[in-house]
Amino acid sequence: GVTVLEMIASTSSGIDLRGYDDDDSTQPSRDDGLTVEELISLHVGELGRAQLRHFVCTSFSWTPTVFMTLMSVFTERDPAWRCVTPDGCVGGDICSLNKDEWEWVSKSASIRSEWNLICGDDWKVSAADSMFFAGFFFGAGIVGQLADSRGRKPAMYFSLVVGGVGSAISAAVSSFWPYFWSKFIIGFGCGGVGVASFVLSIEPIGAKWRSRLGIATQYWWASGIVLMSLVAMGITEWRAYTTFVVVSTALYCVVSAPLLNESPKWLLIAGKPEKALEVLTALAKGNGQIIPPRGLPRLKRLTVSSAGSTSIAAVLPHPALRTRLFAMSFIFFVNSAVYYGLSLNVGSLGGSIYLNNILSALVEMVSYAFAQVSVEKVGRKHTLMFLLSVAGAGCLVSGFTTGGGQTAVALVGRFGIAAAFNMVFLYTTELFPTVVRSAALGTCSLVARLGGIIAPQIILLQTLSPSLPFIVFGGASAAACFVTTYLAETKGVTMQDTIEGAVRQAQATSSSNFYQLSAEDFEEDEETLPNTDF
């Protein structure tokens with residue numbers, strides 16, 4: 001879910017590129033340089049081989065991330081046990097039997113069997129899951145700021161290393177409480193990966209392709225769920241399985257790090273235009289574009305005062321941006337609570353936990369495809385409203401059904417919430433300017449972790465009534481759908497780099513559409529950079 005939890009979309013500097021022909025080799029007659037968007041459109045290409053290679057390599061980070069996020073589905077599962085008395089076990093409830101009447105089929109199958117976390121100690125497993133999301137809470141916010149201040153690439157690999165180290169610790173400990181604290185470290189790393197990797201994967205791509213590929217990043221998440229389920233069928237011991245997760249994370253870091261460049265947009269905003277041009281030039285060459293003898297045209301950048309605002313606090317004085325932040329934070333909260341609530345309930349649907357997990361992932365893939373088409377045909381706002389409605393209806397109905405019908409309806413709810421959770425990352429990045437984009441996304445992801453923390457507690461409400469958790473999930477989805485009505489539609493509009501530009505744009509909007517401002521409205525926020533020869 002995302003988790004995944006991140007994430008950029010249309011990010012031009014107030015220049016509407018839709019009037020330019022992608023095949024036009026001439027550049028606009030401007031003496032003050034080009035924006036990154038113009039340079040990509042005119043000289044690099046909207047989506048060439050080099051950009052696609054960069055996108056695939058960066059997006060693959062979601063695979064080890066989903067391993068670390070959801071490995072508890074298998075490492076903390078209820079393992080098989082058997083009777084050891086000649087007359088069999090009466091009642092079938094493990095908590096009602098004497099210790100000498102039963103035994104684990106495999107003591108090392110999960111942490112429950114190894115440390116006997118059953119009956120009165122069952123709460124410890126839920127506590128460990130909540131600790132993971134507590135770590136995710138801090139990781140999403142801190143790494144979101146790190147991605148804006150230090151760069152997308154360092155933030156992504158820092159997060160992967162932290163998560164991998166936490167996983168290695170969890171596999172090595174000999175008792176529950178060290179394991180409990182290691183879950184915080186794993187969660188911290190996972191919380192930062194999505195924030196940084198999504199932005200890094202999408203920013204070098206032309207605006208025409210960003211919304212489509214922004215949704216497509218989550219196919220790696222769903223594919224990771226399928227892969228981890230298949231691996232879990234063969235690696236049934238929890239320590240060995242966790243070791244596999246550590247090795248796969250390390251392997252990705254070692255192989256991918258030399259292949260990826262920093263985001264040219266971040267380099268420009270960070271005051272490194274020469275580095276930004278180097279990255280863009282490498283992408284253009286990789287796409288087979290012809291580079292002018294003097295190199296690519298010079299870039300224009302934001303002024304120091306505008307580019308320096310990277311804290312999310314910078315949007316709070318502005319009512320329109322503040323409303324967007326609060327609304328999207330609540331929507332993220334609901335998406336996280338419902339998504340992880342349904343995910344944690346996969347094993348209770350009956351049948352094979354491996355098959356249920358795979359079916360859930362396949363349903364998610366279908367939901368992503370639907371979201372990809374709908375955000376372009378219908379728009380972001382109405383697509384999100386529809387998906388939250390589907391999730392709410394699926395949760396409510398599944399609370400009053402049983403057997404195969406409940407499984408089918410639960411998968412319908414999973415369809416809606418998975419697609420909604422996926423597209424809110426794209427929607428959020430389009431609602432905020434470049435200088436606070438990762439910070440805004442990190443803040444929303446941080447709030448979303450609160451939903452992840454309480455999801456296991458909501459599920460525990462089934463001890464009062466089996467349908468109560470689903471009613472809560474359904475009602476929360478309906479509330480999020482209502483909040484979405486206060487947001488603006490961002491389909492087909494130019495996003496701003498500065499807070500000043502975003503505020504001017506918001507002041508000229510209705511409740512449903514942005515007003516397209518011209519480039520001249522933002523000239524005062526920009527300055528020319530000297531030309532760089534290569």
Side-chain angles (χ1 to χ4, degrees), residues 3-8 44 48-69 71 139-140 142-169 185-205 213-214 216-221 223-224 227-228 242-270 272 274-287 438 441-442:
T3 99
V4 164
L5 139 119
E6 309 191 291
M7 306 112 204
I8 189 76
V44 177
R49 293 189 304 272
Q51 290 149 304
L52 188 59
R53 186 164 52 247
H54 173 91
F55 172 80
V56 170
C57 188
T58 307
S59 297
F60 202 83
S61 64
W62 288 93
T63 301
T65 302
V66 72
F67 288 173
M68 291 185 285
T69 301
M71 65 179 175
I142 293 174
V143 177
Q145 297 287 340
L146 181 66
D148 278 337
S149 63
R150 299 297 182 183
R152 314 330 191 182
K153 182 178 176 180
M156 184 182 80
Y157 284 105
F158 168 77
S159 300
L160 286 168
V161 169
V162 170
V165 169
S167 299
I169 293 174
I185 301 174
I186 301 171
F188 187 97
C190 291
V193 174
V195 176
S197 68
F198 189 99
V199 180
L200 181 62
S201 68
I202 298 297
E203 279 189 326
I205 296 172
L213 294 183
T217 56
Q218 288 298 291
Y219 285 106
W220 273 265
W221 177 272
S223 298
L227 179 59
M228 70 182 293
T242 305
T243 301
F244 160 78
V245 172
V246 174
V247 172
S248 64
T249 302
L251 184 62
Y252 170 79
C253 291
V254 171
V255 173
S256 66
L259 305 178
L260 297 180
N261 291 316
E262 182 56 87
S263 162
K265 272 185 167 291
W266 180 85
L267 289 170
L268 183 61
I269 291 175
K272 301 177 181 180
E274 294 82 7
K275 290 288 186 181
L277 275 175
E278 287 179 10
V279 172
L280 290 168
T281 300
L283 289 173
K285 290 180 178 179
N287 289 343
S438 285
L441 191 56

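Remember, it's a predicted structure, so these values are computed and weren't measured experimentally. Counting begins at 1 with the first residue of the sequence.
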Task: Chi angles and distances behind the side-chain contact (heavy atoms from CB on, under 4.5 Å) call for Val66, Trp220 - done: CA-CA 9 Å; Val66 72; Trp220 273 265; over 6 Å; no
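The minimum heavy-atom distance linking Val246 with Ala168 is given by the pair CG2-N, 3.4 Å. Considering all non-hydrogen atoms of both residues, Ile186 and Gly166 come closest at CG1-C, 3.4 Å. The minimum heavy-atom distance linking Thr65 with Ser61 is given by the pair OG1-O, 2.7 Å. When all heavy atoms of Thr58 and Ser197 are compared, the closest pair comes out as CG2-O, 3.3 Å. Looking at every heavy atom in both residues, Thr249 comes nearest to Gly164 through CG2-CA, 4.4 Å. Shortest non-hydrogen contact noted between Lys153 and Leu260 is NZ-O, 2.6 Å.
Among residues two or more places apart in sequence or in another chain, the side-chain hydrogen bond (donor to acceptor under 3.5 Å, both in side chains) test is passed with Ser263 by Glu203. With sequence neighbours left out, Phe67 forms a ring-ring contact (aromatic ring centres under 6.0 Å, His included) with Phe244. With sequence neighbours excluded, no residue forms a ring-ring contact (aromatic ring centres under 6.0 Å, His included) with Tyr157. For Tyr252, the ring-ring contact (aromatic ring centres under 6.0 Å, His included) test picks out no residue, with sequence neighbours left out. For Ser159, the side-chain contact (heavy atoms from CB on, under 4.5 Å) test picks out Val143, Val193, with sequence neighbours left out. Taking Ile185 as the reference, Val162, Ile169 meet the side-chain contact (heavy atoms from CB on, under 4.5 Å) condition, with sequence neighbours excluded. When the side-chain contact (heavy atoms from CB on, under 4.5 Å) test is applied to Ala50, the partners found at least two apart in sequence or on another chain are Arg53, Leu283, Asn287.
Within the 4.5 Å cutoff, the side chain of Pro154 has heavy atoms near those of the Glu262 side chain.
Atom NZ in Lys285 sits 12.5 Å away from atom CG in Leu280 (nearest 0.5 Å). Residue Thr69 holds its OG1 atom at 8.5 Å from CE of Met228, rounded to the nearest 0.5 Å. Between the CG atom in Leu160 and the OG atom in Ser256 there is a gap of 7.5 Å [rounded to 0.5 Å]. Taking OG of Ser59 as the reference point, atom NE2 of His54 lies at 8.0 Å (rounded to 0.5 Å).
Screening Leu200, Leu259, Leu52 for a side-chain contact (heavy atoms from CB on, under 4.5 Å) with Cys57, the sole residue that qualifies is Leu259.
Surrounding CZ of Phe60 are at most 12 heavy atoms belonging to other residues, nucleotides or ligands under 6.0 Å away.
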